[in-house]
Protein chains: 2
Amino acid sequence: MANHLDSFFSAISDPTRRAVIERLTRGPAPVSELHAPHDMALPTFLKHLKVLETAGLTRSVKKGRVRTVHIEAAPLAAAENWLTTQRKLWEGRLGRLSALAERLEKGGDA
Amino acid sequence: MANHLDSFFSAISDPTRRAVIERLTRGPAPVSELHAPHDMALPTFLKHLKVLETAGLTRSVKKGRVRTVHIEAAPLAAAENWLTTQRKLWEGRLGRLSALAERLEKGGDA
DNA sequence: TAGATGGTTAGCCATGTGGCTAGGTAATGC
DNA sequence: GCATTACCTAGCCACATGGCTAACCATCTA
């Protein structure tokens, strides 16, 4: 059950890769354009792209010599969902705690 | 600007550590209790706990020989926020695209 | 105060990750 | 058709990560 989240979170734990995602939310782009703002060798950057694609965060198609990369929204939502769930559970607990505190106060047990 | 998200996402990219977080949303717990369900040596597990604490996801206090760990909600919300932002940007783009498509259709330009 | 309990430190190992260079292939443009 | 462009592969390196054992320290409990 963990599997997908593993590679997803691992993928976006790198700033270069998050920057790529941020760029891709504004629309698809070829490899060279994605690479341009990053001060690293192309092969290194290609590795990052591969990580993203392997994690299911992006897809790409090659036409002629140009490979165009686009974002895949679904896993983003899934991860967001995990975080939201955890936060809500936590907040729910806090809510119950303060309710308990209130009851204790009413009872004058404090 | 990236820094915090780096260590945060990296921290929760591990299933053991996500399990710990899930457990902690139900309330604080001592190290031994957190360790129990995980089939690995204590020192190994302690490393995981350290990663979580270093990433700011948890805090802990030691009283006597028992160290109690509790969750820290803020970074969770921050990460959730990043994901939400990306998703919304993406959906916004999709919206604008379909609006464009509509306009083109109306204009009979297709 | 001895033994058990709960954690911690040190140190080793295998594998993974992020960076590089060098060299290759396949379209495209002149 | 030769050069350029755009990307890909292979292979190297340093360091990080996740696992282990062994040995240690501190605190309760009997």
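Numbers restart at 1 for each chain; the letters A, B, ... are given by sequence-line order, proteins then strands.
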I'd like to check the side chain to side chain donor-acceptor pair (under 3.5 Å) partners of A:Q86; sequence neighbours left out, ordered by chain and number.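 A:Q86: no side chain to side chain donor-acceptor pair (under 3.5 Å) contacts found.
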
State which residues pass side-chain contact (heavy atoms from CB on, under 4.5 Å) with [X]; sequence neighbours excluded, sorted by chain then number.
{"X": "A:V31", "result": "A:L42, A:L46, A:L49, A:R67, A:V69"}
{"X": "A:H70", "result": "A:P28, A:R59, A:E72"}
{"X": "B:S10", "result": "A:S13"}
{"X": "A:R65", "result": "none"}

Return the set of residues passing ring-ring contact (aromatic ring centres under 6.0 Å, His included) with B:H48 (not counting sequence neighbours), or none when no residue passes.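 Testing B:H48 for ring-ring contact (aromatic ring centres under 6.0 Å, His included), a comparison that skips the adjacent residues, returns none.
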
Can you give one letter per nucleotide of nucleotides 22-30 of chain C, 5' to 3': B if a protein heavy atom sits under 4.0 Å from the base, S if only from the sugar-phosphate, - if neither? B----BS--

Heavy-atom closest contact (B:T16 atom, B:D14 atom, distance):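 Taking every non-hydrogen atom into account, N-OD1, 2.8 Å.
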
Which residue pairs pass the side-chain hydrogen bond (donor to acceptor under 3.5 Å, both in side chains) test when at least one of the two sits in residues 26-41 of chain B, sequence neighbours left out?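 Sorted result for residues 26-41 of chain B: B:R23-B:E33.
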
Could you give the [atom1]-to-[atom2] distance, from [X] to [N], as a whole number of Å?
{"X": "A:R67", "N": "D:dT9", "atom1": "CZ", "atom2": "C1'", "result": "13 Å"}
{"X": "B:E33", "N": "C:dG7", "atom1": "CD", "atom2": "C1'", "result": "16 Å"}
{"X": "B:L42", "N": "D:dC20", "atom1": "CG", "atom2": "C1'", "result": "13 Å"}
{"X": "B:H35", "N": "C:dG7", "atom1": "NE2", "atom2": "C1'", "result": "11 Å"}
{"X": "A:D39", "N": "C:dC20", "atom1": "CG", "atom2": "P", "result": "8 Å"}
{"X": "A:D6", "N": "D:dT17", "atom1": "CG", "atom2": "P", "result": "15 Å"}

Taking only residues at least two apart or on different chains, which pairs with a member in residues 77-92 of chain A satisfy salt bridge (Lys or Arg N to Asp or Glu O under 4.0 Å)?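 The answer is A:E80-B:R87, A:R87-A:E91, A:R87-B:E80.
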
Return each pair, listed once, that meets salt bridge (Lys or Arg N to Asp or Glu O under 4.0 Å) where at least one residue sits in residues 44-53 of chain A; pairs must be two or more places apart or across chains.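 The answer is none; no pair qualifies.
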
With respect to the phosphate group of C:dG7, does any side-chain polar atom (N or O) of B:S32 fall under 4.0 Å of OP1 or OP2?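 It does, given that an N or O in the side chain of B:S32 lies less than 4.0 Å from OP1 or OP2 of C:dG7.
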
Please determine, for the side chain of A:M40, which listed nucleotide (D:dC7, D:dG18, C:dG19) has the closest atom?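 In terms of side-chain proximity for A:M40, the closest of D:dC7, D:dG18, C:dG19 is C:dG19.
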
Hey, are the side chains of A:F8 and B:F9 touching, using non-hydrogen atoms and a 4.5 Å cut-off?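 The answer is no, as the side chains (C-beta and beyond) never meet within the 4.5 Å cut-off.
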
Tell me which residues in residues 45-60 of chain B lie within less than 4.0 Å of DNA chain C, going by non-hydrogen atoms.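 Only B:L46 qualify.
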
Describe the nucleic acid contact of B:T44 in one word from base, sugar-phosphate, nothing, applying a heavy-atom distance below 4.0 Å.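 B:T44: base contact, heavy atoms under 4.0 Å.
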
Report for the helix from C:dT1-D:dA30 to C:dC30-D:dG1: angle between first-end and last-end helix axes, five pairs each, rounded to 10 degrees.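 The end-segment axes of the helix from C:dT1-D:dA30 to C:dC30-D:dG1 are tilted 20° relative to each other.
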
